[in-house]
Amino acid sequence: MSETLTFDTVDELASSLAVAVERWVKKAVEERGVAHVTLAGGSTPAALHKVLAKRDLPWSSMHFYFGDERAVPFDHADSNFRAADQSLFSLAPVVSSHIHRMPAEDRAEGARAYSESLPERMDVVLLGMGEDGHTASLFPGSAVLESTDAVLYVNDSPKPPPERLTLSFRTLNRARHVAFMIAGAGKAQAFSRVVSGELLPVARVKPDDGTLSYYVDRAAAGLA
Ligand code: 6PG
């Protein structure tokens, strides 16, 4: 079962999603003393991160992971870690040892190492969607989509740079709460294909025992 929430602007989307993330995180900490949160890559999440940074979250009980990372230095302009550091980690009282950077520069060995660092289940997984319906670094037609490994090395990403690490569908689908942030007219065609049931990578993220939400702006919903 999934829900789609549509917003006039990305900022309204981010504000609403931040409320949900706070609810999910606080419940996880209340029940298990810890909240494991996977952050999305790309540019869309910055709007959410900036809102989250201002909220009263149980920061010291939160651990941060990445849905995917590019094989670039952690301070490179293409680094998802760098983006999250600028838009969230540097603005909120995050415990630095609780930031689990994805060592994509170590490629397949990095995938193995990162899989050892993952919790049994993520409490919150935040994801984006590309214009081809990819999510994380799980791209349509990729040979790795069927892998049951926890973390995958990708060397043929059609979205540069080509080399990345990504959580697999198996890992993503173990989450308690999955939320997609999808914004911009460029995403409308892919989102309509997902809604119509086409088995794009985004559509294959369906938590085994968790909630699934699509937070979409009007442009991506094809309503602009
Ligand atoms: C990446 C992302 C990727 C991203 C989508 C949307 O590292 O490229 O994880 O899956 O979420 O491509 O990217 P934008 O938010 O920049 O549109």
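Just so you know, ligand 1 is whichever comes first in the structure, and atom 1 is the first atom listed for that ligand.
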Salt bridge (Lys or Arg N to Asp or Glu O under 4.0 Å) with E198: which residues, sequence neighbours excluded? R193

Any Lys/Arg nitrogen of R112 or E116 sitting under 4.0 Å from an Asp/Glu carboxylate oxygen of the other? no

For residues 28-55, the ring-ring contact (aromatic ring centres under 6.0 Å, His included) pairs (sequence neighbours left out) are H36-H63, H36-Y65

Would the Y114 and F66 ring centres measure less than 6.0 Å apart? no

Salt bridge present between D8 and R218 (N-O < 4.0 angstrom): yes

Which residues satisfy the side-chain contact (heavy atoms from CB on, under 4.5 Å) test with V144, sequence neighbours excluded? S142, L152, V154

Close residues (non-hydrogen atom under 4.0 angstrom from ligand 1) work out to G41, G42, S43, T44, D68, R70, N80, G128, M129, G130, H134, T135, A136, K159, R164, K187

